[in-house]
J.: 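Attaching a single structure in structure tokens format; questions to follow.
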Amino acid sequence: MAIALSSAALSGKGTINPLTRVLHFDRNCYYSSTPKLKPIFSLSLKRPRFSSRAAATMSYDKELAAAKKACSLAARLCQKVQKALLQSDVHAKSDKSPVTVADYGSQAVVSFVLQKELSSSPFSLVAEEDSGDLRKEDGQETLQRITKLVNETLANGGTASPLSDQDVLAAIDSGKSEGGSLGQHWVLDPIDGTKGFLRGDQYAIALGLLDEGKVVLGVLACPNLPLQSLACHDQHTIQGKAGCLFFAQVGTGTYMQSLDGSEPRKVNVSCTENPEEASFFESYEAAHSMHDLTSLIAKKLGVKAPPVRIDSQAKYGALSRGDGAIYMRFPHRGYREKIWDHAAGSVVVTEAGGVVTDAAGKPLDFSRGRYLDLDTGIIVTNQKLMPTLLNAVQESLKEKASSL
Ligand SMILES: Nc1ncnc2c1ncn2[C@@H]1O[C@H](COP(=O)(O)O)[C@@H](OP(=O)(O)O)[C@H]1O
Ligand SMILES: [Mg+2]
Ligand SMILES: [Mg+2]
Ligand SMILES: [Mg+2]
């Protein structure tokens, strides 16, 4: 019901920035879309060794079902908060509290649902938020708001076990894991694209699962992403229903369904080989990625279409269904990418036939803790276009360096 209300709000006149309906883009990662034939097992979970694709791909079904449930519920919570935020007279950017409430609330819901649904397994979560500020004296009112929101969301989702403030703090803080290359770790960005969320634009609830350092499943809930393709549509005028849930499990492909529960359909990245026909996604925020550099690369490639700029890992989702063919992300010097900004998106794209690498062409390594250590930037496209893109990226980086 919360989703229905929120969808109505999104299509209602004047309640939301029209940009919401369409987009901007963001986020990358790597991965081979080839199913892993090497044994998949977890020391911590004593997962049995599998030697066939079928066995390997069957093994995360339970985790995937729990992840989809958790992200769908968290999306309802975020939609409720964004609706209230956009309907209020408060200038979005000057009032940070709604976003804080939604970030924490989403993290608590995902953490709680995963632990409840997978209660027989050890639980490790690497997540963006922690409860430090909520434990301070001036955080008490916010904490109470979050607890209320979390309990309403869980009750609407059929999970009737009211949580106390302390339960909510504990659920948030279970996201303190350091991840790593051993065993299984969930990786969560409870709201990716916070700036987009505040603007009424794109954001995503992004949840991945690492097993032995590899992303083996990913779920992206994108409440404001239109179900219709962004390709060939002016992003500011696209009409129709919004709210997409992308999910991928290693070796089984990527699927998309509506957030309110339509039949999933398999999606694939664009198969274009001609860069002139390709369109590319990048961050809406110039502070998150160097737009001058991506423009140079696009020019070198001969890309004719202007960049599609949207917030969050919704970029990975849109790319996985072929809305555009390329995603480039070049943070400014000194920025360290976090694993939760790319884990879910990377597997969603690679399972749809795409490739995600750093600017040196190396796969992203999610096994080294909370950060990704990578060369310069992240690039994403289909397998045929990748060599051409990589060339253009490396030439452009050299030109940029020599002009400094
Ligand atoms: N200076 C910077 N350079 C690159 N990424 C940054 C950044 N500052 C913040 N980010 C990350 O960019 C993410 C949003 O990406 P995008 O630009 O694709 O929407 C943010 O996620 P959160 O919104 O979860 O904090 C944050 O982790
Ligand atoms: Mg993020
Ligand atoms: Mg976030
Ligand atoms: Mg953040």
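Hydrogens, waters and symmetry mates play no part in the numbers below; they use all other heavy atoms, side chains included. The first residue in the sequence is number 1, and the count goes up from there.
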J.: After noting the C-alpha distance and the side-chain angles of L397 and L293, does the key distance pass the side-chain contact (heavy atoms from CB on, under 4.5 Å) rule?
T.: CA-CA 8 Å; L397 285 170; L293 178 60; 3.7 Å; yes
J.: Could you check if a side-chain atom of I379 sits within less than 4.5 angstrom of a side-chain atom of L390, using non-hydrogen atoms only?
T.: yes
J.: Mark yes or no for whether N151, through its side chain, and L163, through its backbone, hold a donor-acceptor pair below 3.5 Å.
T.: yes
J.: In this structure, which one of L210, L118, V126 forms a side-chain contact (heavy atoms from CB on, under 4.5 Å) with W186?
T.: L118
J.: Do you know which two heavy atoms are closest between V215 and S346, and how far apart they sit?
T.: CG2-OG, 4.1 Å
J.: Under the criterion side-chain contact (heavy atoms from CB on, under 4.5 Å), I'd like the reasoning laid out for L374 against L364: C-alpha separation, chi angles, the key distance, then a yes or no.
T.: CA-CA 7 Å; L374 45 83; L364 306 190; 3.8 Å; yes
J.: Among L225, D341, D192, find the residue that satisfies the side-chain contact (heavy atoms from CB on, under 4.5 Å) test when tested with S312.
T.: D192
J.: Less than 4.5 Å apart, any side-chain heavy atom of F247 and any of L217?
T.: no
J.: Is there a donor-acceptor pair under 3.5 Å between the side chain of D358 and the backbone N or O of I378?
T.: no
J.: Between E399 and S403, is any side-chain donor less than 3.5 angstrom from a side-chain acceptor?
T.: no
J.: Any donor-acceptor pair under 3.5 Å linking the side-chain atoms of T272 with those of E277?
T.: yes
J.: For the residue pair E337 / H342, report whether a side-chain donor-acceptor contact shorter than 3.5 Å exists.
T.: yes
J.: Grab the two heavy atoms, one from E351 and one from G253, that are nearest each other, plus how far apart they are.
T.: OE1-N, 2.9 Å
J.: Please round to the nearest 0.5 Å and tell me the distance separating atom OG of S396 and atom CG of N391.
T.: 10.0 Å
J.: Kindly determine whether E263 and Y255 satisfy side-chain contact (heavy atoms from CB on, under 4.5 Å), including the steps that lead there.
T.: CA-CA 10 Å; E263 198 56 33; Y255 292 80; over 6 Å; no
J.: Say you draw a straight line from OG of S177 to NE2 of H185; how long is it, rounded to the nearest 0.5 Å?
T.: 5.0 Å
J.: Around atom NZ of K148, are there more than 12 heavy atoms of other residues, nucleotides or ligands at under 6.0 Å?
T.: no
J.: Are K62 and E117 within salt-bridge range, i.e. N to O under 4.0 Å?
T.: no
J.: Judged by atom type as modelled, is there a donor-acceptor pair below 3.5 Å linking the side chain of S106 to the main-chain atoms of P190?
T.: yes
J.: Drop me the distance from L209's CG to E63's CD, to the nearest 0.5 angstrom.
T.: 6.0 Å
J.: Closest heavy-atom contact between A127 and R370?
T.: O-NH2, 2.8 Å
J.: Indicate whether any N or O donor in one side chain lies under 3.5 Å from an N or O acceptor in the other, for K68 and Q257.
T.: yes
J.: Just verifying a value: how many Å separate D365 CG and D373 CG, rounded to the nearest 0.5 Å?
T.: 8.0 Å
J.: Using modelled atom types and a 3.5 Å cut-off, is there a donor and acceptor pairing between side-chain atoms of S119 and backbone atoms of Q115?
T.: no
J.: Quick one: does any side-chain atom of S258 pair with a main-chain N or O of S262 as donor and acceptor, under 3.5 Å?
T.: yes
J.: Answer yes or no: is there an ion pair linking K195 with D201, defined by an N-O contact shorter than 4.0 Å?
T.: no
J.: Which of these passes side chain to side chain donor-acceptor pair (under 3.5 Å) with S283: R329, H288, H291?
T.: R329
J.: Is Q249 close to V216 at the side-chain level, that is, under 4.5 Å between some pair of heavy atoms?
T.: no
J.: Answer yes or no: are there more than 12 heavy-atom neighbours, outside Y335 itself, under 6.0 Å from its atom OH?
T.: yes
J.: So do D133 and Y104 actually touch side chain to side chain, heavy atoms under 4.5 Å?
T.: yes
J.: Determine the minimum heavy-atom distance between L259 and A221, stating which atoms define it.
T.: CD2-CB, 4.2 Å
J.: Any side-chain heavy atom of T294 sitting closer than 4.5 Å to one from F330?
T.: yes
J.: When the ring planes of Y203 and F197 are compared, do they come out parallel, tilted or perpendicular, using 30° and 60° as the limits?
T.: perpendicular
J.: Is a side-chain donor or acceptor of D311 paired with a backbone partner of G193 at a separation under 3.5 angstrom?
T.: no
J.: When you compare the side chains of T254 and S320, does any donor N or O come within less than 3.5 Å of an acceptor on the partner?
T.: no
J.: I'd like to know whether NZ of K266 has more than 12 heavy-atom contacts from other residues, nucleotides or ligands below 6.0 angstrom.
T.: yes
J.: Heavy atoms only: give me the nearest A74-V110 pair and the separation to one decimal.
T.: CB-CG2, 3.7 Å
J.: Evaluate V355 against V380 for side-chain contact (heavy atoms from CB on, under 4.5 Å), listing each step before the verdict.
T.: CA-CA 6 Å; V355 191; V380 188; over 6 Å; no
J.: Check this for me: does any side-chain nitrogen of one of E141 and R145 sit under 4.0 Å from a carboxylate oxygen of the other?
T.: no
J.: Does the pair K136/D138 count as a salt bridge with the N-to-O cut at 4.0 Å?
T.: no
J.: Can you tell me if T153 uses its side chain to pair, donor with acceptor, with the backbone of L73 under 3.5 Å?
T.: no
J.: Side chains of F112 and V168: does their closest heavy-atom pair fall under 4.5 Å?
T.: no
J.: Between D189 and K338, does any side-chain N to carboxylate O distance fall below 4.0 Å?
T.: no
J.: Do L154 and V113 make a side-chain contact, defined as non-hydrogen atoms from C-beta onward lying under 4.5 Å apart?
T.: yes
J.: Here's a test for you: under side chain to side chain donor-acceptor pair (under 3.5 Å), which of Q79, Q202, Q82 qualifies with N224?
T.: Q82
J.: Is it true that a side-chain atom of S111 and a backbone atom of A171 form a donor plus acceptor pair closer than 3.5 Å?
T.: yes
J.: For the pair R321 (side chain) and L227 (backbone), establish whether a donor and an acceptor sit closer than 3.5 Å, ignoring hydrogens and angles.
T.: yes
J.: To the nearest 0.5 Å, what is the distance between CG (L372) and CZ (R336)?
T.: 9.5 Å
J.: For the atom pair CD (E129) and OG1 (T100), what is the distance rounded to the nearest 0.5 Å?
T.: 8.0 Å
J.: Between R135 and D173, is there a side-chain N and carboxylate O pair less than 4.0 Å apart?
T.: yes
J.: Regarding E285 and R199, does a basic nitrogen lie under 4.0 Å from an acidic carboxylate oxygen?
T.: yes
J.: Looking only at heavy atoms, which two atoms of C244 and P226 are closest? And how far apart?
T.: SG-O, 3.4 Å
J.: Does any part of the side chain of I205, heavy atoms only, come nearer than 4.5 Å to the side chain of P223, both counted from C-beta?
T.: yes
J.: Would one find more than 12 heavy atoms of other residues, nucleotides or ligands at under 6.0 Å from atom NZ of K400?
T.: yes
J.: Does a donor on one side chain and an acceptor on the other come within less than 3.5 Å for S164 and D167?
T.: yes
